[in-house]
Each structure stands twice: as C-alpha cells, then as structure tokens.
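Since we're looking at a predicted model, the values are computed, not measured.
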Amino acid sequence: MNKVYILLADGFEEIEGLTVVDLMRRAGIDITMVSIKDDLNITGARGIKVIADMLIKDMEYDGNMLVLPGGMPGTNYLKESSAVKDAILNYKEAGKYLAAICAAPTIFGEMGLLRDIKATCYPGLEAGLTGALWPGENEKVIHDGQFITSRGLGTAIDFALKLISVLIDNNKAAEIAKSVVY
C-alpha cells in the first residue's frame, strides 16, 4: 500500500495541495494531510480553511512519498520548520520520493539536495534551485530520481497525475485523468 504525507502550513496554495490529496485518494493512495504547526486547523493562501489529519510531531517516516505544496507564505513556513527539514532529510536518506510544486522545490534546493538533479519551480524562483539542472521552462513536471517537481497552480493536475503514475502506474494516472475529464 502506498502511503503519502503532504505537509501543510498556513498560507499554502490550496489548489496545489488539495488537488494532490483529491486525485491521490481517487487513485486509492493513502495520503495524510499533516499540519506543520501545533494545531490541525490550517488556513490556505486564499483563506480556505482545512483541517489536517495529523500534526507533524505525530508523523512517522513510514510513507513512500513526502509532498510539499507551494504558496506564500506557506513555503516560507515550511522552510523555517526544523521538523519539515528533518522529514525531508529522512526521506532523502531512505531513498523515498520527495515531491514539491511552485515555490516549494526551492526548499530542496536551499537544503543542497538538488545537485545535478533536473528540477523546476515557479517562474522567477529558479535561483532557489541551488545546484539543480534547469531543463527549460516548458516542463510542467519533472521526475528525476527520487525528486518530482512542478511549476505551480496551473500544473497541479499534471503534478498529481505524475505522482500517481510514479506510485502506481501510468494506466492508473490515465484512468484518474479520464475520470475527472482532464
């Protein structure tokens, strides 16, 4: 069984986070929304309130994938969290998947984890992808080794489908895409 944790901070981009949760659940993937603060109540960048499934202090490192949505100031809160950094390093060292969209891939870059890895992020934030290989701006989603990165809100469905194809297969991703008329 695939198990995924998505880390949510106040100010996360709702479409990027909730599209991943929605499509993964449609695919039968066990995805848990994790609050990075000491409260399950999270408010997104557009004021949408979400109740996370658990607190980061209670999260175990038993998943196959860790997902970071972008948005501001959510990405900054993720960057400032030692618990988030610990989780990222745990997944990196275990060879598990690390996925991020929009501004969030810069967290991996600033931690020095993207050296010689193809990655993308929100336009204009490429300097935060320290050491990464930049394949050009036409790539909506890039999968290189254990890293999966995407550009932003407009690529959220592509990102979620790529995560499904990585965890299950392309047929399941195509089935989900068809079911949502994508």
> In Å and rounded to the nearest 0.5 Å, what is the NE2 to NZ distance from His143 to Lys162?
Replying inline: 7.0 Å
>> So which atom in Ile148 and which in Val141 form the shortest heavy-atom distance, rounded to 0.1 Å?
In response: CG2-CG1, 3.9 Å
> Same cluster for Leu8 and Tyr77 if Ile/Leu/Val/Met/Phe/Trp/Tyr side chains link at under 4.5 Å?
Replying inline: no
> Are Glu14 and Leu153 side-chain neighbours, meaning at least one heavy-atom pair lies under 4.5 Å?
Replying inline: no
> Considering only heavy atoms from C-beta outward, does the side chain of Thr75 approach that of Met72 to under 4.5 Å?
Replying inline: yes
>> Counting C-beta onward and ignoring hydrogens, is there a side-chain heavy-atom pair between Leu40 and Leu55 closer than 4.5 Å?
In response: yes
>> Is there a side chain to side chain donor-acceptor pair (under 3.5 Å) between Asp53 and Tyr5? Walk through the geometry before answering.
In response: CA-CA 10 Å; Asp53 301 310; Tyr5 292 101; over 6 Å; no
>> Is the shortest side-chain heavy-atom distance between Thr149 and Ile117 below 4.5 Å?
In response: no
> Is there a chain of hydrophobic side chains (I, L, V, M, F, W, Y, each step under 4.5 Å between heavy atoms) that links Leu129 to Val84?
Replying inline: yes
> What pair of heavy atoms forms the shortest contact from Ala104 to Pro69, and how long is it?
Replying inline: CB-O, 3.6 Å
> Does Ile31 share a hydrophobic cluster with Ile164, counting links as ILVMFWY side-chain heavy atoms below 4.5 Å and allowing steps through other members?
Replying inline: yes
>> Just verifying a value: how many Å separate Leu66 CG and Leu89 CG, rounded to the nearest 0.5 Å?
In response: 10.5 Å
> How far apart are the closest heavy atoms of Ala9 and Ile36, and which atoms are they?
Replying inline: CB-CD1, 3.6 Å
> Do Cys102 and Glu16 come within less than 4.5 Å of each other through their side chains, counting heavy atoms only?
Replying inline: yes
>> I'd like to know if Val67 and Leu114 are part of one continuous hydrophobic network [Ile/Leu/Val/Met/Phe/Trp/Tyr, side-chain heavy atoms within less than 4.5 Å].
In response: no
>> If I take atom CD1 from residue Ile29 and atom NZ from residue Lys3, how far apart are they, to the nearest 0.5 angstrom?
In response: 13.0 Å
>> To the closest 0.5 Å, what do you measure between NZ (Lys57) and OG (Ser35)?
In response: 10.5 Å
> Do other residues, nucleotides or ligands put more than 12 heavy atoms under 6.0 Å from the CZ atom of Phe147?
Replying inline: yes
> Any side chain to side chain donor-acceptor pair (under 3.5 Å) pairs touching residues 165-182, not counting sequence neighbours?
Replying inline: Asp158-Tyr182, Lys172-Glu175
> Around atom NZ of Lys118, are there more than 12 heavy atoms of other residues, nucleotides or ligands at under 6.0 Å?
Replying inline: no
> Does a sphere of radius 6.0 Å around CD1 in Ile51 hold more than 12 heavy atoms from other residues, nucleotides or ligands, not counting ones at 6.0 Å or beyond?
Replying inline: no
> What is the distance from atom CD1 of Ile107 to atom CG of Leu78, rounded to the nearest 0.5 Å?
Replying inline: 4.5 Å
>> Test of understanding: clusters of I, L, V, M, F, W, Y form through side-chain heavy atoms closer than 4.5 Å, transitively. Do Leu18 and Leu23 belong to the same one?
In response: yes
> Is the number of heavy atoms from other residues, nucleotides or ligands under 6.0 Å of Phe108 CZ greater than 12?
Replying inline: yes
>> Tell me whether the count of non-hydrogen atoms from other residues, nucleotides or ligands lying under 6.0 Å of CZ in Arg25 goes above 12.
In response: yes
> Can you name the nearest heavy-atom pair linking Ala52 to Val34, along with the distance?
Replying inline: CB-C, 4.2 Å
>> Between Met111 and Lys79, is there a side-chain heavy-atom distance shorter than 4.5 Å?
In response: no
> Of the non-hydrogen atoms in Ile101 and Ala156, which two are nearest, and what is the gap between them?
Replying inline: CD1-CA, 3.8 Å
> Just how far is it from atom CZ of Phe159 to atom CD1 of Ile142, taken to the nearest 0.5 Å?
Replying inline: 12.0 Å
>> On a heavy-atom basis, which atom in Val21 and which in Met33 lie closest, and how many Å separate them?
In response: CG2-CG, 3.8 Å
> Heavy atoms, side chains only, cut-off 4.5 Å: are Met24 and Met65 in contact?
Replying inline: yes
> Any side-chain heavy atom of Tyr91 within less than 4.5 Å of one from Tyr97?
Replying inline: no
